[in-house]
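All values reported here derive from a predicted model rather than from experimental measurement. Side-chain atoms are counted along with the backbone in the values below, which use heavy atoms only and exclude waters and symmetry mates.
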Amino acid sequence: MKPFLKVLAASTAVLALAACGSGSPSGGSEDTGAAADGGELTPVTVGVIPIVDVAPIYLGVQEGFFEEEGLELELQPAQGGAAIVPAVMSGSMDFGFSNISSMLLANSKGLDVQVVTAGAASTGKDGADYGGILTTPGAGVTTAADLSGKKVAVNTLNNINDTTVRASVRKAGGDPTTIEFVELAFPDMQAALERGQVDAIQVVEPFLTGGMNAGSTLVASNYVDPADDLPIGAYFTTGAMADSDPELVKKFTNAMNKSLDYAQENPDAVRDVLLTYTKIDAATAEALILPSFVTEINRSGVETLAELSLSDGLITEDPQLDELLP
């Protein structure tokens, strides 16, 4: 029998920044015992975003990979990685999925963030990636350079999406310092674009294909422009958790890596599982572009994001990559 999966309804809830702590909602694997032999499952809380990037973890639950490791997952959706990081730091979540820039920001501030495995990466194909910048014919935007002086929506300010949008604009010869970024949840962006409240939106699947089906046009593949095979997201915990309960971290990482490999090898299963935690229809799920699901972090890509974060002023101190990355 598959473990019971509790998914909270508030998929766009933003978690308040809490003081850093060492507590763990799971109580640690030593408290609840193992379950691979039919014993009690260890409850583990994981922060996720309702986007295609996290399909592998839902598949891992569905396929029993976490149960095989003795874990019972509670997946808690949030609007973005910037909300998940403080929740994991405070101990209200055991693990979380976040974009690399959020973790670089946390690391540069001295927070105890530790990546345990990779997650989603760019396909590296311009015009055929799972993230991109959309606009409408009336916005006067035909290339990334035209975004200079425009209003662009991203799901979280000062993060990976506005950083990579700036990189696309800079590469196209525009001035990224003149862009006005607006923070909107992914599900709200297409409507804001159609109403003319913004000139362009940066979205990932399933919202990229959904927007194009609604008549929006692709301006640039902002995850492709900065670097080859750019790492976008990863799963993480705290260094304190890794030190105090290494067995729990090992079990989660093992199950997560099985899930990532399974997702990469079974794209149809990814499209099917998307219907269980997003509001997209089957036609959109069939048409959308999937990210690369990887288990190894592309360190050079992380270094590129760190350099961009420094040059754009998102961070002011060099991140300690040896502390952040496995």
If you look at every heavy atom in Ala263 and Phe293, which pair is closest and at what distance?
CB-CD1, 3.7 Å
Say whether Ile280 and Ile289 are linked into one hydrophobic cluster, either directly or through other cluster members, by side-chain heavy-atom distances under 4.5 angstrom.
yes
Indicate whether the side chain of Ser216 and that of Gln190 have a donor and an acceptor atom separated by less than 3.5 Å.
yes
Shared ILVMFWY cluster between Val54 and Met93, side chains joined below 4.5 angstrom?
yes
Among Ser101, Ser108, Pro319, which residue meets the side chain to side chain contact (heavy atoms under 4.5 Å, CB included) test with Ser309?
Ser101
Non-hydrogen atoms of Val88 and Gly96 that approach each other most closely
CG2-N, 3.8 Å
Enter the distance from Ile232:CD1 to Leu230:CG here, rounded to the nearest 0.5 Å.
4.0 Å
Going by atom types only, do Glu307 and Ser311 share a side-chain donor-acceptor pair under 3.5 Å?
no
Would you say the side chain of Asn158 lies within less than 4.5 Å of the side chain of Asp162, judging by non-hydrogen atoms?
yes
State whether the side chain of Asp245 and the backbone N or O of Met241 hold a donor-acceptor pair below 3.5 Å, judged by distance alone.
no
Validation row: Met212, Leu134 side chains within 4.5 angstrom (heavy atoms)
yes
Distance, nearest 0.5 Å, that separates CG of Asp112 from CG of Asp243:
7.5 Å
Can you check whether Leu218 reaches Leu208 side chain to side chain, under 4.5 Å on heavy atoms?
yes
State whether Arg170 and Asp312 are salt-bridged, where the test is any N-O pair (Lys NZ or Arg NE/NH1/NH2 against Asp/Glu carboxylate O) under 4.0 Å.
yes
Exercise: do Gln202 and Asn222 side chains pair donor with acceptor under 3.5 Å
yes
Could you go through the salt bridge (charged side-chain N to carboxylate O under 4.0 Å, His left out) check for Asp322 and Arg299 one step at a time?
CA-CA 10 Å; Asp322 289 339; Arg299 188 181 176 107; 3.0 Å; yes
Asn213 CG to Phe207 CZ distance, which is reported to the nearest 0.5 Å
13.5 Å
Report the C-alpha distance between Thr295 and Asp261 in whole Å, list the side-chain angles of each, state the deciding distance to 0.1 Å, and finish with yes or no for side-chain contact (heavy atoms from CB on, under 4.5 Å).
CA-CA 7 Å; Thr295 58; Asp261 285 339; 3.6 Å; yes
State whether Lys151 and Asp199 are salt-bridged, where the test is any N-O pair (Lys NZ or Arg NE/NH1/NH2 against Asp/Glu carboxylate O) under 4.0 Å.
no
Answer whether the closest heavy-atom distance between the side chains of Thr217 and Thr136 falls below 4.5 Å.
no
Hey, could you give me the CG/OG1 distance between Asn99 and Thr156, rounded to the nearest 0.5 Å?
7.0 Å
Show your reasoning for whether side-chain contact (heavy atoms from CB on, under 4.5 Å) applies to Val46 and Gln76.
CA-CA 6 Å; Val46 185; Gln76 295 190 355; over 6 Å; no
Common cluster, Phe186/Leu275, ILVMFWY with side-chain heavy-atom separation under 4.5 Å:
yes
Could you go through Phe95 and Phe236, starting from their C-alpha distance and side-chain angles, then the distance that decides it, and tell me whether this counts as ring pair (Phe, Tyr, Trp, His ring centres under 6.0 Å)?
CA-CA 6 Å; Phe95 299 91; Phe236 71 99; 8.7 Å; no
Whether over 12 other heavy atoms sit under 6.0 Å from Glu296 CD:
no
According to the interplanar angle, ranging from 0 to 90°, do the rings of Phe66 and Phe252 count as parallel (below 30°), tilted (30 to 60°) or perpendicular (above 60°)?
tilted
Looking only at heavy atoms, the pair that brings Asn298 and Asp228 closest together is ND2-O, 3.3 Å
Hydrophobic cluster membership, Leu73 vs Leu59, 4.5 Å side-chain cutoff
yes
Do the side chains of Val294 and Leu321 join up, straight or via other hydrophobic residues, at under 4.5 Å, putting them in one cluster?
no
The single option from Thr164, Asn161, Asp129 that satisfies side chain to side chain donor-acceptor pair (under 3.5 Å) with Tyr223 is Asn161
Reported CG-to-NZ distance for the pair Leu274 and Lys279, which is rounded to 0.5 angstrom
15.0 Å
To the nearest 0.5 Å, atom OG of Ser292 lies from atom CG of Leu260 at 11.5 Å
Might you point out which heavy atoms bring Leu193 and Val198 nearest each other, and give the distance in Å?
CD1-O, 3.6 Å
Please evaluate residues Val224 and Lys125 with respect to the criterion side-chain contact (heavy atoms from CB on, under 4.5 Å), reporting the C-alpha separation (whole Å), side-chain torsions for both, the decisive distance (0.1 Å), and the verdict.
CA-CA 7 Å; Val224 177; Lys125 299 176 182 177; 5.7 Å; no
Apply the test side-chain contact (heavy atoms from CB on, under 4.5 Å) to residues Tyr235 and Val115: give CA-CA distance (whole Å), side-chain angles for both, the deciding distance (0.1 Å), then the verdict.
CA-CA 6 Å; Tyr235 293 85; Val115 172; over 6 Å; no
Any idea which heavy atoms bring Leu288 and Leu290 closest together, and the distance?
CD1-CD2, 3.3 Å
Sub-3.5 Å donor-acceptor pair from the side chain of Ser122 to the main-chain atoms of Pro231, do we have one?
no
Run Glu68 and Lys258 through salt bridge (charged side-chain N to carboxylate O under 4.0 Å, His left out) and show every step you take.
CA-CA 11 Å; Glu68 289 170 4; Lys258 290 179 184 177; 3.5 Å; yes
Do the side chain of Gln320 and the main chain of Leu324 share a donor and acceptor less than 3.5 angstrom apart?
no
Where is the tightest heavy-atom contact between Val85 and Ala106, given as atom of each residue plus distance?
CG1-CB, 3.8 Å
Do Asn159 and Ser102 meet the criterion of a side-chain donor-acceptor pair at a distance under 3.5 Å?
yes
Is the side chain of Tyr277 donor-acceptor paired with the backbone N or O of Ile49 at a distance under 3.5 Å, no angle test?
no
Side chains of Leu75 and Ile57, heavy atoms from C-beta outward: is any pair under 4.5 Å?
yes
Would you indicate whether the side-chain heavy atoms of Val165 and Ile133 approach each other to under 4.5 Å?
yes
